[in-house]
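Here the structure comes first, spelled out in structure tokens, and everything after it is commentary.
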Amino acid sequence: MSLNNIFAISGSAMSAQTVRLNTVASNIANADSVASSADQTYRARKPVFEQMMTDALRESGWNASEDLVSGASGMGVRVAGIVESDAPLEPRYEPNSPMANEEGYVFYPNVNPVEEMADMMSASRSFQTNVEIMNSAKSMMQRMLTLGQS
């Protein structure tokens, strides 16, 4: 595998983790928002990742050698979409709330702040790992340039 390809692969992973961090931030920001009906209540969102096949990378301008294309099944990651959680919402009896419905209930999102914080830490560490991979590849490329010098 060419060192140039490492940048495309790590870059795709960093983009995917950025989307993951943004959805976590959105979930945490809306964790305490209330609504008077289940239909209007914010639902936790999660990104769905899929591996990019080498054909998709080639269409986007990535140039791989034929032996790499025939032997590799996936070379990167992309966000296939963002789905809403189907976990149940949390109705609470708060008759004095201005958002309460006729029965006195308000609906809270199905966001678990502890789970979101763990997701945020995981996405952040994954992003950092990919930065380190890119730095290592850059360092190797710089060393290769100095091999012929002496």
Side-chain angles (χ1 to χ4, degrees), residues 1-65 68-142:
M1 175 183 290
S2 169
L3 285 175
N4 289 330
N5 301 338
I6 292 173
F7 294 109
I9 295 167
S10 287
S12 71
M14 290 168 64
S15 293
Q17 293 305 328
T18 299
V19 170
R20 185 174 170 201
L21 283 168
N22 285 335
T23 57
V24 166
S26 177
N27 289 343
I28 291 173
N30 288 291
D32 290 325
S33 62
V34 296
S36 57
S37 74
D39 296 337
Q40 297 173 344
T41 306
Y42 179 86
R43 287 173 169 29
R45 292 170 171 83
K46 300 287 181 188
V48 177
F49 297 155
E50 69 180 2
Q51 75 179 19
M52 290 193 317
M53 305 308 277
T54 52
D55 292 338
L57 282 169
R58 193 180 307 117
E59 289 171 8
S60 69
W62 185 63
N63 187 11
S65 62
L68 178 61
V69 172
S70 63
S73 62
M75 303 301 281
V77 65
R78 69 174 162 219
V79 178
I82 297 177
V83 297
E84 288 186 347
S85 172
D86 58 356
L89 300 173
E90 184 182 346
R92 292 186 197 164
Y93 185 68
E94 296 178 2
N96 296 330
S97 171
M99 295 298 293
N101 63 11
E102 301 82 39
E103 292 90 30
Y105 285 95
V106 293
F107 293 86
Y108 283 83
N110 55 3
V111 175
N112 180 343
V114 175
E115 182 181 314
E116 296 300 326
M117 292 300 289
D119 236 10
M120 181 181 64
M121 291 170 48
S122 173
S124 177
R125 286 188 179 142
S126 179
F127 190 93
Q128 289 172 339
T129 300
N130 280 287
V131 169
E132 290 300 318
I133 289 169
M134 291 179 101
N135 285 336
S136 295
K138 181 181 97 173
S139 177
M140 284 188 260
M141 290 177 89
Q142 288 173 334

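Any value given below was found using the heavy atoms of this structure, including those in side chains, with hydrogens, waters and symmetry copies removed.
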Could you list the donor-acceptor pairs under 3.5 angstrom formed by side chains in residues 31-38, with sequence neighbours left out?
from	atom 1	to	atom 2	distance (Å)
S33	OG	N30	O	2.9
S37	OG	Q40	N	3.4

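The shortest side-chain heavy-atom distance between L89 and Y108 does not fall under the 4.5 Å cut-off. Put simply, the side chain of M52 does not reach to within 4.5 Å of the side chain of M75, judged on heavy atoms. Side-chain contact between M99 and F107 is absent, with no heavy atoms from C-beta onward closer than 4.5 Å. At least one side-chain heavy atom of M117 sits less than 4.5 Å from a side-chain heavy atom of I28. For the pair F127 and R20, the minimum side-chain heavy-atom distance is 4.5 Å or more.
Of all heavy-atom pairs spanning I133 and S10, the tightest one is CG2-OG, 3.3 Å. In terms of heavy atoms, Y105 sits closest to Y93 at CD2-N, 3.6 Å. Residue V77 comes nearest to S12 through the heavy atom pair N-OG, 3.1 Å, listed as atom of the first residue, atom of the second, then distance. Here the closest heavy-atom approach between residue M141 and residue F7 is recorded as SD-CE1, 3.4 Å. Contact between P88 and N110 at its shortest, heavy atoms only, is O-CB, 3.5 Å. Shown here for T23 and P47, the closest heavy-atom pair between the two residues is OG1-CD, 3.4 Å.
A donor-acceptor pair is defined here as one N or O able to donate and one able to accept, closer than 3.5 Å; no such pair exists between the side chain of S124 and the backbone of M120. Of the possible polar contacts, one joining the T18 side chain to the M14 backbone as a donor-acceptor pair under 3.5 Å is found. Side-chain atoms of S139 never come within 3.5 Å of backbone atoms of N135 as a donor-acceptor pair (strictly under, hydrogens ignored). Proximity of a side-chain donor or acceptor of S122 to a complementary backbone N or O of A118 within less than 3.5 Å is not detected. Side-chain N or O atoms of N27 include one that pairs as donor or acceptor with a backbone N or O of R45 at under 3.5 Å.
Few gaps surround OH on Y42; more than 12 heavy atoms of other groups in view lie less than 6.0 Å from it. Around atom CE of M121, no more than 12 heavy atoms belonging to other residues, nucleotides or ligands sit under 6.0 Å away.
Every residue meeting the salt bridge (charged side-chain N to carboxylate O under 4.0 Å, His left out) condition with K46, not counting sequence neighbours, appears here in chain and number order: E115, E116, D119.
Rounding to the nearest 0.5 angstrom, the gap separating the CD atom in E90 from the CG atom in N112 is 10.5 Å.
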